[in-house]
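For reference, the structure discussed in these notes is given below.
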Amino acid sequence: MNKRNYKKELDDYMASLKAEGKTPSLLLHSCCAPCSSHCIEYLSECFNITVFYFNPNIYPEEEYRMRAKEQKSFIERFPAKNEVSFIEGEYDTKAFYDMAKGLEDVKEGGERCFKCYELRLRETAELAKKLNFDLFTTTLSISPLKNAEKLNEIGGKLAEEYGVGYLFSDFKKGEGYKRSTEISREYGMYRQDYCGCVYSYNERKKIKGEG
Ligand code: SF4
């Protein structure tokens, strides 16, 4: 079976919105400012965006706070084409550790990560429903280490469950990831070198010979 071309689907959808002069509301889950940079630049052409920073996976707490601060600062400084606002979710680390139970030693990119995607996307879908957003999605697919197929599978499932549209995407495509690194440099952003949780933190330390 041919794989869907999420990038082309989104480009076509955005072209149709432009032609019709429509600007739907979008709840955009974001893991950090660098990953959100290209997504906001690209999506704000056609959507009114609310960035939802919901990341109970992030360890340690100072890192969580630093990423949140950087996210807010980027939104304030970036000249987006439409409205971009910010909502911070609850830093409910228990929800993350409960989810990760038994999967602590799974390598990055495996089952624990799929559940971590779902934890964050589910909260986003719930909020999108509650606040009457037209659509929801996540910045996560910008990373070459994230599985866009899996993210879209989870997003599509939650869209049906909650009755809110999901914006299928693969933001790394079309040089999206490269563009995110350029914007991050331009804005002097803090860029972490591990995904977020304590397990990815320890994996990174081992690779660097510090663990
Ligand atoms: S490595 Fe990243 S995606 Fe995987 S569980 Fe940890 S924080 Fe979540």
Side-chain angles (χ1 to χ4, degrees), residues 6 27-40 51-72 74 87-128 136-159 166-173 176-177 180-181 184 189-211:
Y6 297 110
L27 187 62
L28 174 66
H29 165 264
S30 174
C31 55
C32 61
C35 287
S36 76
S37 60
H38 163 68
C39 302
I40 290 175
V51 171
F52 182 41
Y53 182 77
F54 174 70
N55 300 293
N57 51 313
I58 297 176
Y59 167 90
E61 186 169 346
E62 304 84 75
E63 174 77 17
Y64 170 87
R65 304 267 166 236
M66 187 143 61
R67 292 192 199 186
K69 194 169 154 227
E70 196 71 352
Q71 179 69 79
K72 279 186 263 184
F74 175 66
I87 297 179
E88 183 171 351
E90 196 187 338
Y91 185 46
D92 179 9
T93 54
K94 184 176 179 304
F96 175 74
Y97 290 111
D98 285 352
M99 175 286 287
K101 221 164 255 163
L103 300 169
E104 293 86 348
D105 297 328
V106 174
K107 271 197 149 335
E108 186 172 338
E111 193 55 30
R112 188 189 65 239
C113 297
F114 300 158
K115 290 194 161 192
C116 181
Y117 301 166
E118 176 152 357
L119 176 77
R120 292 183 279 170
L121 273 170
R122 180 172 292 283
E123 187 80 6
T124 311
E126 254 181 52
L127 188 65
F136 73 100
T137 195
T138 176
T139 61
L140 287 168
S141 68
I142 193 99
S143 163
L145 297 173
K146 298 286 184 304
N147 184 327
E149 281 298 323
K150 201 73 193 173
L151 283 163
N152 285 318
E153 181 191 311
I154 295 167
K157 181 186 82 172
L158 292 170
Y166 177 73
L167 202 62
F168 290 88
S169 46
D170 190 354
F171 294 116
K172 69 177 80 55
K173 290 285 161 66
Y177 175 68
S180 75
T181 60
S184 306
M189 278 183 212
Y190 160 68
R191 279 183 79 86
Q192 61 280 352
D193 66 354
Y194 67 105
C195 183
C197 65
V198 65
Y199 317 112
S200 60
Y201 177 83
N202 289 336
E203 255 186 78
R204 175 59 52 186
K205 269 197 356 193
K206 251 190 227 155
I207 291 167
K208 285 162 90 179
E210 297 167 5

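Both ligands and their constituent atoms are indexed starting at 1 by order of listing.
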Are side-chain N/O atoms of S180 and H38 paired as donor and acceptor at under 3.5 Å?
no
salt_bridge(R67, E63) N-O dist < 4.0 Å:
yes
Can the ring centroids of F74 and Y190 be said to lie less than 6.0 angstrom from one another?
no
How long is the gap from OG on S37 to CD1 on I142, to the nearest 0.5 Å?
6.5 Å
So is R204 touching ligand 1 or not, going by heavy atoms under 4.0 Å?
no
What protein N/O/S atoms are found closer than 2.8 Å to atom 2 (Fe) of ligand 1?
C195 SG
Can you tell me if D105 has over 12 outside heavy atoms packed within less than 6.0 Å of its CG?
no
From the list L167, L28, L127, L158, side chain to side chain contact (heavy atoms under 4.5 Å, CB included) with F136 holds only for L158
With side chains defined as the heavy atoms from C-beta onward, is the minimum distance between F96 and Y91 less than 4.5 Å?
no
Looking at R120, which atoms of ligand 1 are within less than 4.0 Å of one of its heavy atoms?
3 (S), 8 (Fe)
